[in-house]
There are 2 protein chains.
Amino acid sequence: MPDETEHWEDRLEQYLHEKGLRMTRQRQVIAREFFAITGHPNIDELCARVRRADPSIGQATVYRTLKLFVDSGLANQSRFGDGPARYESADVDHHDHLICVDCGRIVEFRNDTIEKLQEKIAASHGFEMTDHEMVIYGHCDAPACVARRASRGRD
Amino acid sequence: MPDETEHWEDRLEQYLHEKGLRMTRQRQVIAREFFAITGHPNIDELCARVRRADPSIGQATVYRTLKLFVDSGLANQSRFGDGPARYESADVDHHDHLICVDCGRIVEFRNDTIEKLQEKIAASHGFEMTDHEMVIYGHCDAPACVARRASRGRD
DNA sequence: ATGGCTGCAAACCGTTTGCAACTAT
DNA sequence: ATAGTTGCAAACGGTTTGCAGCCAT
């Protein structure tokens, strides 16, 4: 189990060293921008941010670097519905997602009862659980969403 | 709530009629093939089967027809990991999926405690749940998978 | 100097769409 | 007759990849 208290700088450096890979200016910039974001950026959003810091960085490099982060365990990839892949730092505890089908707001939650049940369910079917995804879709209580729903209901 | 005891023939016909749409030879063939499958076919697999029955049916029609089934509530779409969309008949009770990361085997399960917890979690965050997806990934106990894992563990 | 890394553009793959011909109503 | 439907092929959007040059080691 990785030491979650280490900073991503050290963890990334260590991973690169282990694998004989190299720390580059691009990887530094992408990592700095990525780990500064609290949220679930997709590649386009990340690309925009990265390019504000260094416009010369190509989209392909951002794709390749995020894949590197996922492989190294520094980031997690999620897919919500049909949309593009979204990423988040893995330096926090595991959690699942709640998504508003109206405004796209993403809320994180964690429920230990469900986590434990998942293990149990997997085991009862002869599976050794390695991972899981859980996304709940619904209408959130943001004023704009409630209003939109009310006016649609009237039609 | 739709009457689950009606056959898909009637439900489809009713939906088409409601929406002013038409029953065509292609839709009949695709529906017959789709509802005869127990499993989670993707478009390619379905297409292959449909074309065995009628080689003149185009892939686009299969895509459009499955979308129709989903819109009508006759089918559910799922996405597992990165792969293509998979479909299954909605004429059975809701369930979630357990997928073997080694062989791709898909096992269905249902757990009412989790279902109820999901509602509660959504509500506690001010969401009105409309849907949810839950996929557990793991290593299954099929002999081939156990063997593969054992030999990989030795490396 | 070596071999990993980069940006670019082209390829890829699942899916959607424009179109002219066709067909269920 | 009307308007929905079809097959085809082209377009699409997100992602990956081949390549020639670049740069960290």
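No experiment lies behind these values; they were computed from the predicted model shown. First the proteins, then the strands, lettered A, B, ... as listed; each starts at 1.
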Legend entry - Distance, rounded to the nearest Å, where A:N42 contributes CG and D:dT15 contributes P: 8 Å

Inset, instruction - When you get a sec, tell me which of C:dT25, C:dT15, D:dT25 is the closest nucleotide to the side chain of B:Y63? - result: C:dT15

Inset, instruction - Please report, rounded to the nearest Å, how far the C1' atom of D:dG4 is from the CZ atom of B:R27. - result: 8 Å

Inset, instruction - Check every atom of D:dC23, D:dT15, D:dT5 against the side chain of A:R22 and return the nucleotide holding the closest atom. - result: D:dC23

Legend entry - Integer-rounded Å distance: D:dT6 C1' and B:Q28 CD: 15 Å

Legend entry - Stepwise salt bridge (charged side-chain N to carboxylate O under 4.0 Å, His left out) check, A:R32 with A:E9: CA-CA 9 Å; A:R32 195 180 316 125; A:E9 278 101 338; over 6 Å; no

Legend entry - Whole angstrom value for the distance that separates P of C:dC12 from CG of B:D44: 16 Å

Inset, instruction - Give the nucleotide from the list C:dC5, D:dT15, C:dT15 with an atom nearest to the side chain of A:T24. - result: C:dC5

Inset, instruction - Say whether A:E88 and A:H97, considering side chains only, have a donor N or O and an acceptor N or O under 3.5 Å apart. - result: yes

Legend entry - A:E45 and A:H40: side chain donor to acceptor below 3.5 Å: no

Legend entry - Whether over 12 other heavy atoms sit under 6.0 Å from B:H17 NE2: no

Inset, instruction - Report the distance from atom CG of B:L66 to atom P of C:dT16, rounded to the nearest whole Å. - result: 10 Å

Inset, instruction - Fit a plane to each ring of A:F109 and B:H125, take the angle between them on a 0 to 90° scale, and name the class: parallel (under 30°), tilted (30 to 60°) or perpendicular (over 60°). - result: tilted

Inset, instruction - Find the distance B:F69:CZ to D:dT5:C1' and express it as a whole number of Å. - result: 14 Å

Legend entry - Earlier contact from the 5' end, DNA chain D, for A:Q59 and A:M23: A:Q59

Legend entry - Touch class at under 4.0 angstrom, heavy-atom based, for A:R64 against every strand present: base

Inset, instruction - Indicate, with a heavy-atom threshold strictly under 4.0 Å, whether A:G83 touches base, sugar-phosphate, or nothing. - result: nothing

Legend entry - Rounded interatomic separation in angstrom, taking CG from B:L68 and P from C:dA24: 16 Å

Inset, instruction - Give a yes/no answer on whether the side chain of A:R25 brings an N or O atom under 4.0 Å of OP1 or OP2 in C:dC5. - result: no

Legend entry - Listed nucleotide nearest any side-chain atom of A:A60, set D:dT25, C:dT17, C:dC8: C:dC8

Legend entry - Between P of D:dG21 and CD of A:Q26, the distance in whole Å: 18 Å

